[in-house]
Amino acid sequence: MNYWLMKSEPDTFGINDLINRPHQTEHWDGVRNYQARNMIRDEMKLGDLVFFYHSNCDAPGIVGMMEVVKEAYPDHTAFDPDNKHFDPKSDPAKPTWMMVDVKYVRTLARIITLAELKGKPELAELALVRRGNRLSIMPVSQQQWEFILALE
DNA sequence: GCCAACGTTGGC
DNA sequence: GCCAACGTTGGC
């Protein structure tokens, strides 16, 4: 089983929005970065656990946990001219962008903030805390996952 | 709101 | 294939 971290802006789609979806499940659309796409397409598997990270907000940090409940399939928002993430170059016959479905697992007892994570030597290799990192989806090792949860 | 860092685009 | 310009991300 693999572990992941995915970012979302709470003003757009926060963890409470996921809770309020039918079956507490939603497709994770809008990823338009090839490196992130490759991870979605090739590596995210049913049952993988994912940290829900709130970005671009007052207190950026990990707020909860979710589970992959459907593996990669075409991100239909890329074909919708009215969608913010429309990509005119993506051919529906050969989709460029993929997404998975995720289901809410639980909210953490507290927000584990980016500021806190940055100070931990155990997390020095975590992409999130590395300089200039902008990936919206990144792998988390089992050791990193357990270390972070122990901070809760 | 600022701006550093990064990915993508497109001229050449 | 190089690289400058541009747009976006996202912390602060």
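Just so we're on the same page: letters track the sequence lines, and every chain starts at 1.
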- Regarding W97(A) and D87(A), is there a side-chain donor-to-acceptor distance under 3.5 Å anywhere? yes
Provide, to the nearest angstrom, the distance between the [atom1] atom belonging to [X] and the [atom2] atom belonging to [N].
{"X": "H85(A)", "N": "dG7(C)", "atom1": "NE2", "atom2": "P", "result": "18 Å"}
{"X": "R131(A)", "N": "dC3(B)", "atom1": "CZ", "atom2": "C1'", "result": "13 Å"}
{"X": "R134(A)", "N": "dC3(B)", "atom1": "CZ", "atom2": "C1'", "result": "12 Å"}
{"X": "R37(A)", "N": "dG7(B)", "atom1": "CZ", "atom2": "P", "result": "15 Å"}
{"X": "N33(A)", "N": "dT9(B)", "atom1": "CG", "atom2": "P", "result": "12 Å"}
{"X": "L128(A)", "N": "dG10(C)", "atom1": "CG", "atom2": "C1'", "result": "11 Å"}
{"X": "N56(A)", "N": "dT8(C)", "atom1": "CG", "atom2": "P", "result": "14 Å"}
{"X": "H54(A)", "N": "dG11(C)", "atom1": "NE2", "atom2": "C1'", "result": "16 Å"}

Without placing hydrogens or testing angles, list every side-chain donor-acceptor pair under 3.5 Å for residues 119-133 of chain A, not counting sequence neighbours.
unit_1	atom_1	unit_2	atom_2	d
E125(A)	OE1	R130(A)	NH1	3.3
R130(A)	NH1	A124(A)	O	3.0
N133(A)	OD1	L135(A)	N	3.3
N133(A)	ND2	A127(A)	O	3.3

Can you find a side chain N or O atom of [X] that sits less than 4.0 Å from OP1 or OP2 on [N]?
{"X": "K7(A)", "N": "dG10(C)", "answer": "yes"}
{"X": "K89(A)", "N": "dT8(B)", "answer": "no"}
{"X": "Y53(A)", "N": "dT9(C)", "answer": "no"}
{"X": "K84(A)", "N": "dT8(C)", "answer": "no"}

- Item | Check ion pair R37(A)-D75(A) (N to O, under 4.0 angstrom) | no
Could you list the donor-acceptor pairs under 3.5 angstrom formed by side chains in residues 49-72 of chain A, with sequence neighbours left out?
unit_1	atom_1	unit_2	atom_2	d
H54(A)	NE2	I15(A)	N	3.1
N56(A)	ND2	E9(A)	OE2	3.2
E71(A)	OE2	L46(A)	N	2.8

